[in-house]
Protein chains: 2
Amino acid sequence: MTAKPARGRPRAYDPEEALAAALDEFRRRGYTATSLDHLSDATKMARPSLYAAFGNKLEIYRKAVRQYAEESAERRRRALFEEPVLDKGLEAYFGEIVAAYVSKEGEPLGCPVLSVISGEAAADPEIGAELSAAVGKTDALFLKRMTMAAEAGEIAPGADIRGLAAMLAALQHSLALRARAGTPRPELQAIARAHVTLALRAAGAARPN
Amino acid sequence: MTAKPARGRPRAYDPEEALAAALDEFRRRGYTATSLDHLSDATKMARPSLYAAFGNKLEIYRKAVRQYAEESAERRRRALFEEPVLDKGLEAYFGEIVAAYVSKEGEPLGCPVLSVISGEAAADPEIGAELSAAVGKTDALFLKRMTMAAEAGEIAPGADIRGLAAMLAALQHSLALRARAGTPRPELQAIARAHVTLALRAAGAARPN
DNA sequence: GTCATTTTGTACCACTTCGCAAAAAATTAA
DNA sequence: TTAATTTTTTGCGAAGTGGTACAAAATGAC
């Protein structure tokens with residue numbers, strides 16, 4: 001990843017930083033309310049540069065989300081799967097989720113996807129697809145983990161694997177929404193813990209507490 | 001509620017119909033993406049009439065939501081409380097929720113509040129308050145119902161009342177989001193049923209099935 | 001009919017929106 | 001130096017934004 005010497009005028013911005021700044025802007029304002037001028041200010045790139053580098057508004061958003069997902073979601077996936085004990089894996093996963101849904105300054109901003117494009121998803125098919133894909137990925141993740149847990153005998157035989165996965169996804173959706181509504185971080189953590197505990201009890205799991 | 005003879009030129013619109021049409025527009029497009037022109041078209045009211053009748057955009061939205069809430073949320077509240085058996089009450093409640101989150105034509109549009117203003121809630125304090133209030137009302141509703149159930153001995157003594165209430169609220173949040181992402185009605189129903197069943201099991205409730 | 005009253009319709013305001021064309025600047029290669 | 005290449009900068013344009021002023025229209029009261 002060393003910088004190539006390039007040929008023409010060197011670019012005055014770092015694409016990764018720019019996309020991170022753009023995502024932050026989207027996260028604060030919502031998709032539609034974020035204008036290219038806002039993005040231009042946040043990234044310190046002139047509008048035509050933005051356009052040349054990333055494309056139109058939707059493409060900027062998509063690229064910003066992809067960068068975020070590759071960095072953040074991967075860490076969450078590991079938290080969920082590299083811990084063999086289901087209870088602890090879920091604890092770690094939702095710890096990462098809560099951390100991701102709160103800004104560095106502590107503001108509960110919610111999810112860069114769920115909390116940001118929900119409003120536009122019904123009217124714009126492309127954005128609808130984006131939201132649907134995000135939901136689907138989370139579902140698949142939990143379904144896989146619950147299947148693993150069932151095979152490992154961590155949850156009662158005959159338990160409703162799909163239902164349990166959906167129940168955990170619901171927690172994630174709820175955390176995104178609550179964060180967006182301003183619920184502070186400690187409360188989000190408490191909600192996550194209680195929900196996981198109850199879900200495991202419903203699963204007939206080996207009692208953690 | 002009979003129409004008063006009034007004095008000046010009679011209004012050419014029905015306020016209730018206009019607010020319903022406005023809410024539908026908000027629901028389809030999201031808050032920011034819905035312009036006064038869109039509302040003007042949908043309600044067949046000229047923009048100045050809209051303004052004179054309901055106020056600015058945010059007030060139009062608020063009044064449209066209030067009308068929806070008074071009509072729809074009241075029915076849900078009754079479904080939840082007038083059925084003494086917890087299981088059946090929850091079934092009825094979420095049946096109403098799913099119905100409300102799908103349009104008459106069958107399009108899964110989500111919640112007129114949760115799915116519509118989530119994007120704007122972080123940037124605009126007034127909208128943030130609106131979202132927060134909506135979340136809080138649902139929480140209070142479930143908390144009250146679970147407290148009743150505990151007193152009636154429908155759930156295990158010492159059960160986590162707050163946690164269970166939050167878990168049911170999470171289902172509602174998840175249904176709003178999934179509907180917004182295009183999940184068809186039968187699937188929403190199935191998700192709701194499974195979630196309620198699992199939540200009741202976690203509560204140590206009298207087994208329904 | 002005439003007046004007061006209320007709603008409607010037309011037109012407009014200042015501002016913002018996305019997107020782009022074209023020129024200027026900064027660099028490497030020759 | 002000159003040429004080639006890439007990025008930045010300036011500025012524009014057509015459309016849309018929320019909001020409003022003001023005259024025209026439609027009614028009941030007198």
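When each of C:dC18, C:dT10, D:dT9 is scored by its nearest atom to the side-chain atoms of A:S49, the top-ranked nucleotide is D:dT9. Of the candidate nucleotides D:dG19, C:dA24, D:dT10, D:dG19 has the atom nearest to the side chain of B:R47. Closest to the A:N56 side chain, of the nucleotides D:dT20, D:dT6, C:dG19, is C:dG19. Listed nucleotides D:dT17, C:dA21, D:dT7 differ in distance to A:R11; the shortest reach to its side chain belongs to D:dT7. Taking the side chain of A:Y13 as heavy atoms from C-beta on, and the options C:dG19, C:dA21, D:dT8, the nearest nucleotide is D:dT8. Distance from the side chain of B:R9 is smallest to D:dA25 among D:dT17, D:dA25, C:dA26.
Atom CG of A:D41 and atom P of C:dT16 are 12 Å apart (whole Å). Remark: P of D:dG19 and NZ of B:K57 are 8 Å apart, rounded to the nearest angstrom. Whole-Å rounding puts the A:D37 CG to D:dT17 C1' distance at 14 Å. One can place CG of B:L39 at 14 Å from C1' of D:dG16, the figure rounded to the nearest angstrom. Rounded to whole Å, atom P of C:dT6 lies 20 Å from atom CG of B:L50. Between the CG atom of A:D14 and the P atom of D:dT7 there is a distance of 14 Å, given to the nearest Å. Counting to the nearest Å, the P atom of C:dT8 and the NZ atom of B:K44 are 14 Å from each other. Atom pair A:M45:CE and D:dT10:C1' shows a separation of 16 Å (rounding to whole Å applied).
Of the residues near DNA chain D, B:L36 and A:A12, the one whose nearest nucleotide (by heavy atom distance) lies more toward the 5' end is A:A12. Between A:Y51 and A:S35, it is A:S35 whose nearest contact on DNA chain C lies nearer the 5' terminus.
Looking at heavy-atom distances under 4.0 Å, A:S40 makes no contact with the nucleic acid at all. Counting non-hydrogen atoms under 4.0 angstrom, B:T32 reaches nothing in the nucleic acid.
Between B:Y93 and B:F142, a ring centre-to-centre spacing shorter than 6.0 Å is recorded. Taking the six-membered ring wherever Trp is involved, the centroid distance between the rings of B:Y68 and B:F26 does not fall below 6.0 Å.
The residues A:R201 and B:D160 are annotated as not salt-bridged, no charged nitrogen and carboxylate oxygen being separated by less than 4.0 angstrom.
In plain terms, the two heavy atoms of B:R47 and B:S40 that are nearest each other are N-OG, 3.7 Å.
Between the A:E96 side chain and the A:R75 main chain, no donor and acceptor come within less than 3.5 Å of each other.
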